[in-house]
**Student:** 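This is the structure I want to talk about, given as structure tokens.
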Amino acid sequence: MRKSTDRRGLTRWGTTAAVAGLALASTGPAVAATTTPGGTRLAAGGYIVQASSESVAAAAVLRAGGTVVAPLGIVDGVDARLSRPAIADLGRQAGIQLSPDLPIAAQGTTYGGGSSAAQLTRMDVGPNWSPSAGQGVGVALIDTGVTNVPGIDPSHLVAGPDFSGEGTTADGYGHGTFMAGLIVGNGVGGSQGVPGVVPGATVVSVKVADSQGRTTLGQVIQGIGWAVENAQTFNIRVMSISLGASMPMNPNGNPLDAAVEAAWGAGIAVVAAAGNAGPGMVDSPGDAPLIITSGSETTSGPVAMPDWSSYSGTQPDVLAPGVSVESLRDPGSVIDQQNPTARVGDSYFLGTGTSMSTALTAGAAALIVADNPTATPNQVKQALVQTAGRALVGHAGPVDVAAADGTAATLAPGNGARPGRSASAPAGLGNGFGPPATNTVRWDTVRWDTVRWDTVRWDTIRWDTIRWDTIRWDTIRWDTMRWEDEGWG
């Protein structure tokens, strides 16, 4: 672990991991590379092992002498413990992808500041908004758990599984409770109380992080997979992920991005945080081009994106209030104890960061789905993006809930599923952004080392026409990539 202070004075906890040279799944021979560029052998420990299916990955791990920790069917893999010999063995096998099971820790969010409870006004929920907004829709919250505080109606909270290892679904850190309040808070708790965007919806809490805000890549993927598997049971139509990891790599080789895009293909509108590191790069899974990525805007005054809200290329897709946002306090939690000046009365709390913007945007997505039950994830995204516009030069505009809600019903259908191992699209459906294109990209001829990812217009790519089976993943120079600064958005 390392601690650093960025240019805004925000404390950031994260890790720096040398993960270069990993063998990636491909249609050709795997690259048997199990060392860093400097020649250091990859350390024994936790890895995400992917193959053509979960069972194939598990069998490969066991044959190599490793231990399967957890199934990760959503990415056709497993979470595993590997020795150095096992890593070398798997690195020689075709069709096997290894990704370090990176630690992800809370970072980049501040608490306190001037009181500003204007977030719903800022998002323009419209004159028809009511406390029953979002009724019937389940929102999967991949976070630190949720404590059942007075500002959340117990009938609108489902305590899902605990993947943190703590053995409790309660929120000892305080982050998840804050996010839940922004989504389904009922506003109870005195004159300072403010409701969430969709008090009538239901938060399905999927705890992936412990009371210190710590989690791992594998635990997050487990949580996403559980939400997809149980989507019908709880009518999960939206997923909110206010965490991120700096993974500057092609999203197609990133297991976290693969997980959220599989959820998208399963019919869940995923909203993820852009991150809090300013210009240059959007955190994973927010960098996945298919999903909805939320950045922050000021909560009052002229439209502006704070300099700490991450952006790159055309991402984030939308902005939502992220400065001095007010939501539920989790008394006695780590955040509560460390930031007593952030308390507003006995029940509420102030926070700043793209985590907050993400939860608010997820609430907006849930409202759209509740009013437009047949809306696909792509229709939800298109409604949010089109009505937000590009209010800031070169960057996304702020969410306009009422306008997006009214626009969703007019959009062409599209299931949002991108062809691939984990998310298959029914034949004949477009991507929700227009008619199918007639051309096909020859990805096997692309020189990935020359691509300027920060200039790519992801919103113009026709994912439904790409021939993924022609990509030669074994030719990509993954050893130039840096994985670091993982954390909450």
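In this text the structure is predicted, and so the values were computed from the model without any measurement.
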**Student:** Test side-chain contact (heavy atoms from CB on, under 4.5 Å) on I335 and F349 and set out the steps.
**Tutor:** CA-CA 10 Å; I335 288 174; F349 211 69; 3.3 Å; yes

**Student:** Could you tell me if the side chain of V69 sits less than 4.5 Å from the side chain of V78, heavy atoms only?
**Tutor:** no

**Student:** If you measure only the distance, is there a donor-acceptor pair under 3.5 Å linking the side chains of S211 and E166?
**Tutor:**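 Yes, side-chain donor-acceptor contact under 3.5 Å.
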
**Student:** Between D171 and T177, is there a side-chain donor-acceptor contact under 3.5 Å, judged purely by atom types and distance?
**Tutor:**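 Side chains of T177 and D171: pair found under 3.5 Å.
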
**Student:** Quick one: does Q379's side chain have a donor or acceptor within less than 3.5 Å of a partner on L411's backbone?
**Tutor:**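 Side chain of Q379 to backbone of L411, a donor-acceptor pair under 3.5 Å: yes, one is there.
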
**Student:** Report the residue from I292, L290, I241 that forms a side-chain contact (heavy atoms from CB on, under 4.5 Å) with V270.
**Tutor:** I241

**Student:** Output yes when a side-chain donor or acceptor of D101 lies under 3.5 Å from a complementary backbone atom of G46, and no otherwise.
**Tutor:** no

**Student:** Quick one: does S357's side chain have a donor or acceptor within less than 3.5 Å of a partner on A320's backbone?
**Tutor:** yes

**Student:** How long is the straight-line distance from CG of L350 back to CZ of R329, given to the nearest 0.5 Å?
**Tutor:** 12.0 Å

**Student:** Take L141 and V146, measure what side-chain contact (heavy atoms from CB on, under 4.5 Å) needs, and give me the verdict at the end.
**Tutor:** CA-CA 9 Å; L141 181 62; V146 178; 3.8 Å; yes

**Student:** Are W129 and P199 side-chain neighbours, meaning at least one heavy-atom pair lies under 4.5 Å?
**Tutor:** yes

**Student:** Ignoring hydrogens and geometry, is there a side-chain-to-backbone donor-acceptor pair from D79 to A70 under 3.5 Å?
**Tutor:** no

**Student:** Begin with the C-alpha distance, continue with both residues' side-chain angles, and end with the deciding distance and a verdict on side chain to side chain donor-acceptor pair (under 3.5 Å) for S246 and D283.
**Tutor:** CA-CA 5 Å; S246 178; D283 283 349; 4.8 Å; no

**Student:** Can you tell me if T202 uses its side chain to pair, donor with acceptor, with the backbone of G138 under 3.5 Å?
**Tutor:** no

**Student:** Is there a side-chain contact between L217 and I48 in this structure, where contact means two heavy atoms from C-beta onward sitting under 4.5 Å apart?
**Tutor:**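 A side-chain contact under 4.5 Å exists here.
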
**Student:** Look at the side chain of T169 and the backbone N and O of A159, then say whether any donor-acceptor pair between them is shorter than 3.5 Å.
**Tutor:** no

**Student:** Under the side-chain contact (heavy atoms from CB on, under 4.5 Å) rule, what do I96 and Q50 come out as? Steps first, then yes or no, please.
**Tutor:** CA-CA 6 Å; I96 297 294; Q50 294 170 266; over 6 Å; no

**Student:** Quick one, P103 and R214 - any side-chain contact, counting heavy atoms below 4.5 Å?
**Tutor:**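 They are not in contact (no side-chain heavy atoms under 4.5 Å apart), so the answer is no.
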
**Student:** Under the side-chain contact (heavy atoms from CB on, under 4.5 Å) rule, what do L157 and V184 come out as? Steps first, then yes or no, please.
**Tutor:** CA-CA 8 Å; L157 174 63; V184 298; over 6 Å; no

**Student:** Can you check whether I291's main-chain N or O pairs, donor with acceptor, with K381's side chain at less than 3.5 Å?
**Tutor:**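 Such a contact is found between K381 side chain and I291 backbone.
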
**Student:** W226 versus P161: any side-chain heavy-atom pair under 4.5 Å?
**Tutor:** yes

**Student:** How long is the span from the CG atom in N254 to the OG atom in S99, to the nearest 0.5 Å?
**Tutor:**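 Nearest 0.5 Å value for the CG-OG distance: 7.5 Å.
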
**Student:** I want to check something: taking the side chain as every heavy atom from C-beta on, are M123 and D400 in contact at a cut-off of under 4.5 Å?
**Tutor:** no

**Student:** So which heavy atom on V401 is nearest to which on V125, and how close?
**Tutor:** CB-CA, 4.0 Å

**Student:** Which distance, rounded to the nearest 0.5 Å, do you find between the CD of Q338 and the OG of S333?
**Tutor:** 9.0 Å

**Student:** List the atom of I104, the atom of G244, and the distance in Å for their closest heavy-atom pair.
**Tutor:**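 Shortest heavy-atom contact: CG2-O, 3.9 Å.
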
**Student:** If you take all heavy atoms of P285 and L243, which pair is closest and at what distance?
**Tutor:**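 Residues P285 and L243, closest heavy atoms: CD-O, 3.7 Å.
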
**Student:** Kindly say whether G213 contributes a backbone atom to a donor-acceptor pair with the side chain of D210 at under 3.5 angstrom?
**Tutor:**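 Pair found, side chain donor or acceptor close to backbone of G213.
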
**Student:** Is it true that a side-chain atom of R122 and a backbone atom of T298 form a donor plus acceptor pair closer than 3.5 Å?
**Tutor:** yes

**Student:** Hey, is the main chain of L319 close enough, under 3.5 Å, to the side chain of E297 for a donor-acceptor pair?
**Tutor:**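 Answer holds: no.
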
**Student:** Side chain to side chain donor-acceptor pair (under 3.5 Å) for S164 and D162? Distances and angles first, verdict last.
**Tutor:** CA-CA 6 Å; S164 74; D162 167 36; 2.5 Å; yes

**Student:** Which atoms form the tightest heavy-atom contact between M239 and A263, and what is the distance?
**Tutor:** CE-CB, 4.0 Å

**Student:** Does any non-hydrogen side-chain atom of V137 lie less than 4.5 Å from one of V198?
**Tutor:**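 SC-SC contact between V198 and V137 ruled out.
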
**Student:** Minimum heavy-atom separation for G322 and T299, please, with both atom names.
**Tutor:**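 That would be N-OG1, 3.9 Å.
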
**Student:** Report the distance from atom CD of Q315 to atom CG of D317, rounding to the nearest 0.5 Å.
**Tutor:**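 If we round to the nearest 0.5 Å, Q315:CD and D317:CG are 6.0 Å apart.
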
**Student:** Report the distance from atom CG of D143 to atom OG of S240, rounding to the nearest 0.5 Å.
**Tutor:**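 The OG atom of S240 is 7.5 Å from CG of D143, to the nearest 0.5 Å.
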
**Student:** Calculate, to the nearest 0.5 Å, the distance between atoms OG and CG belonging to S327 and L182 respectively.
**Tutor:**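 It is 3.5 Å, given to the nearest 0.5 Å.
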
**Student:** Does any part of the side chain of F163, heavy atoms only, come nearer than 4.5 Å to the side chain of Q222, both counted from C-beta?
**Tutor:** yes

**Student:** If I compare all heavy atoms of I368 with all of A404, which pair ends up nearest, and what's the gap?
**Tutor:** CD1-CB, 3.7 Å

**Student:** When the ring planes of Y111 and F178 are compared, do they come out parallel, tilted or perpendicular, using 30° and 60° as the limits?
**Tutor:**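 Perpendicular, since the angle between the ring planes exceeds 60°.
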
**Student:** Run through L360, T354, T352, T358 and flag the one making a side-chain contact (heavy atoms from CB on, under 4.5 Å) with S296.
**Tutor:**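 It is T354, the one option of L360, T354, T352, T358 that forms the side-chain contact (heavy atoms from CB on, under 4.5 Å) with S296.
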
